[in-house]
Novice: 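Quick one: the structure is below, and I'll ask about it shortly.
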There are 2 protein chains.
Amino acid sequence: MPAIRRADEKLRDVSRRMILDRTASLLVRQGYGTTSLRDIAQACDMKAGSLYYHFESKDALVEEILTEGVNRVESAVQKALDAMFDAAPLDRVRVAMEVHLRTLHDRSDYASAHIRCFSHVPDDMRRRLRRTRRSYDAVWAGLLEAAQAAGDIAADVDLLTLRFAIIGMLNWTLEWRLPSGAGPEEMADRFYRIAFQGACNA
Amino acid sequence: MPAIRRADEKLRDVSRRMILDRTASLLVRQGYGTTSLRDIAQACDMKAGSLYYHFESKDALVEEILTEGVNRVESAVQKALDAMFDAAPLDRVRVAMEVHLRTLHDRSDYASAHIRCFSHVPDDMRRRLRRTRRSYDAVWAGLLEAAQAAGDIAADVDLLTLRFAIIGMLNWTLEWRLPSGAGPEEMADRFYRIAFQGACNA
DNA sequence: GTCTATAAAGTGATAGAC
DNA sequence: GTCTATCACTTTATAGAC
């Protein structure tokens, strides 16, 4: 009966995925400490005890979501970059901004849950998440170094500050309602224009 | 005995202020939901019940902190702007960035507590805080409009996007360790250079 | 002004029925 | 796989002693 077993596993995975999805959404809105297992269970049309069939603790569930949040952004950005490996360095930066912002505002809440909850999860979880982040940080450091080496970013611009600035303006969009009519791609283009041409230059 | 009454009131105010200070610090590190009254009491060398002499509820205490957080930033920025009312529009913007960032990173944690906890406090509190924010938002909207009207910001730059970008890069610095050696003022200057001259231009 | 004691409700987690 | 029932603990908040 491998077919039946496979069907069972698939059903289990579907439930598991639903729990992850809905918990991510709760974490974005309520934060880590304010979201209880009973809240989560209710959002999943379940009872709190049933969650332990799928996850061994609240923190294991939360950590899986926040980890997947970074990984989704990194792999989306990396995939887009791989498809344009020979493009101009600044074009690669612009695309990375677009994909980062689009992933942050897509229908799933994994990336936003990470951003909203990172600083308030227990210390040991945050330590592990920091390690997961490093790989994505390296992608950005490499992008900006390449652009500066090519002479496309002024030599006197500090790349760490520039990285802070770009990631900061992108991530902070979670705190606003984006202007209606301007999707993530349009917003990313406007941010790119500001950060690289500057607001002063026509 | 008005002297004695005044001394009593002063002592009461000192305790109250200490509670506010230390709770702000806890809120930054632990978030709204994870910070309990026992945590707060312990940080104040008190017992939980004693806090109710000074504040009528946990939420009243938290709301006072987060409200003061915005107000401190706004009045610091407004005071600096008042002292240079005839300066060039972009100089006023640069100073506003510096004061905003300096207040965010000063020894007290009111402003950072606001930023870190805003999205996770109860709905009705957040609604009131949003109203408090509006006044500060208007300061920035005015600053940028004046600069664009003077021709110092390119006509095709969307001012709402620019405001998102500036506030975003400034507030996001709470999530990084600032480069050692670069204080808030230095960082604000670098951000100003990026946002207004652009990273491309030497 | 701070304490102790306690109420009333909520928390993460486990055991065992189905 | 989900339920019910429950444990042990924590939570906000109150009452009354000092």
Side-chain angles (χ1 to χ4, degrees), chain A residues 1 3-24 26-27 29-66 117 120-126, chain B residues 1 3-23 26-27 29-66 117 120-125:
Chain A
M1 340 302 196
I4 289 177
R5 187 178 299 159
R6 225 176 298 134
D8 281 1
E9 282 172 10
K10 191 166 181 186
L11 190 61
R12 197 181 69 170
D13 288 351
V14 168
S15 297
R16 201 183 141 81
R17 179 52 56 188
M18 177 201 64
I19 295 170
L20 289 163
D21 284 348
R22 301 194 179 175
T23 305
L26 281 178
L27 286 174
R29 289 171 359 231
Q30 307 187 343
Y32 169 77
T34 325
T35 302
S36 73
L37 286 177
R38 284 169 176 77
D39 291 338
I40 294 170
Q42 191 178 24
C44 299
D45 304 301
M46 298 176 82
K47 300 295 174 179
S50 314
L51 295 168
Y52 285 87
Y53 174 79
H54 298 280
F55 300 92
E56 73 172 344
S57 70
K58 175 187 177 182
D59 281 356
L61 166 57
V62 170
E63 183 162 349
E64 185 165 333
I65 291 167
L66 303 199
C117 298
H120 298 147
V121 297
D123 284 347
D124 55 324
M125 191 194 302
R126 193 168 51 258
Chain B
M1 340 308 201
I4 289 177
R5 188 179 296 161
R6 225 176 295 136
D8 282 0
E9 282 172 10
K10 191 164 181 188
L11 190 61
R12 198 181 69 169
D13 289 350
V14 168
S15 298
R16 203 184 141 81
R17 179 51 57 188
M18 178 201 63
I19 296 170
L20 289 164
D21 283 347
R22 303 195 179 175
T23 305
L26 282 178
L27 286 174
R29 289 174 355 233
Q30 307 187 342
Y32 169 77
T34 325
T35 302
S36 72
L37 287 177
R38 281 171 176 75
D39 291 338
I40 294 170
Q42 191 178 22
C44 298
D45 304 302
M46 298 175 81
K47 301 294 175 181
S50 313
L51 294 168
Y52 286 87
Y53 174 79
H54 299 280
F55 300 93
E56 74 172 342
S57 69
K58 175 186 178 182
D59 281 357
L61 166 57
V62 170
E63 183 162 349
E64 185 165 332
I65 291 167
L66 303 199
C117 298
H120 298 146
V121 296
D123 284 346
D124 55 325
M125 193 194 301

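Just so you know, these numbers come straight off a predicted model, no measurement behind them.
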Novice: Can you measure A/Gln42 atom CD to D/dC3 atom C1' for me and round it to whole angstrom units?
Specialist: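 Atom CD in A/Gln42 sits about 16 Å away from atom C1' in D/dC3.
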Novice: Starting at atom CG of A/Leu51, determine the distance to atom P of D/dT4, rounded to an integer number of angstrom.
Specialist: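 Atom-to-atom, A/Leu51 to D/dT4, this comes out as 13 Å.
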Novice: In whole angstrom, give the distance that lies between atom CE of A/Met46 and atom C1' of D/dG1.
Specialist: 7 Å
Novice: Check whether any side-chain heavy atom of B/Asp13 lies under 4.5 Å from a side-chain heavy atom of B/Arg17, and answer yes or no.
Specialist: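 They are not in contact (no side-chain heavy atoms under 4.5 Å apart), so the answer is no.
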Novice: Mind checking salt bridge (charged side-chain N to carboxylate O under 4.0 Å, His left out) for A/Arg29 and listing every partner two or more places apart, or none if nothing turns up?
Specialist: none
Novice: Tell me the side-chain hydrogen bond (donor to acceptor under 3.5 Å, both in side chains) pairs involving residues 52-65 of chain A, sequence neighbours left out?
Specialist: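 For residues 52-65 of chain A, and leaving out neighbouring residues, the side-chain hydrogen bond (donor to acceptor under 3.5 Å, both in side chains) pairs sorted by first residue read A/Arg16-A/Glu64, A/Tyr32-A/Asp59, A/Glu63-A/Arg128.
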Novice: Return the value, rounded to whole Å, for the distance between atom CZ of A/Phe55 and atom C1' of C/dG12.
Specialist: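 Answer to the nearest Å: 16 Å.
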Novice: Which nucleotides of nucleotides 12-18 of chain D have their base under 4.0 Å from a protein heavy atom (B), which only their sugar-phosphate (S), and which neither (-), written as one string 5' to 3'?
Specialist: BBB----
Novice: May I have the distance from B/Arg12 (atom CZ) to C/dT2 (atom P), rounded to whole angstrom?
Specialist: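 So the two atoms are 11 Å apart, to the nearest Å.
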Novice: Indicate every side-chain donor-acceptor pair of residues 37-48 of chain B with a distance under 3.5 Å to a residue at least two apart or in another chain.
Specialist:
{"residue": "B/Asp39", "atom": "OD2", "partner": "B/Ser36", "partner atom": "N", "Å": "3.2"}
{"residue": "B/Asp39", "atom": "OD2", "partner": "B/Ser36", "partner atom": "OG", "Å": "3.4"}

Novice: NZ of A/Lys47 versus C1' of D/dT6: gap in Å, rounded?
Specialist: 15 Å
Novice: Could you tell me how far apart B/Leu11 (CG) and C/dG1 (C1') are, to the nearest whole angstrom?
Specialist: 8 Å
Novice: Using whole Å, what does the distance between atom P of nucleotide D/dT11 and atom CG of B/Asp39 come to?
Specialist: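 Whole-Å distance recorded here is 6 Å.
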Novice: Kindly write out the residues that satisfy side-chain contact (heavy atoms from CB on, under 4.5 Å) with A/Arg126, not counting sequence neighbours, or none if the list is empty.
Specialist: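 Testing A/Arg126 for side-chain contact (heavy atoms from CB on, under 4.5 Å), a comparison that skips the adjacent residues, returns A/Phe118, A/Val121, A/Asp123, A/Arg130.
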Novice: Between B/Leu27, B/Leu66, B/Ile19, which is the residue that forms a side chain to side chain contact (heavy atoms under 4.5 Å, CB included) with B/Leu61?
Specialist: B/Ile19
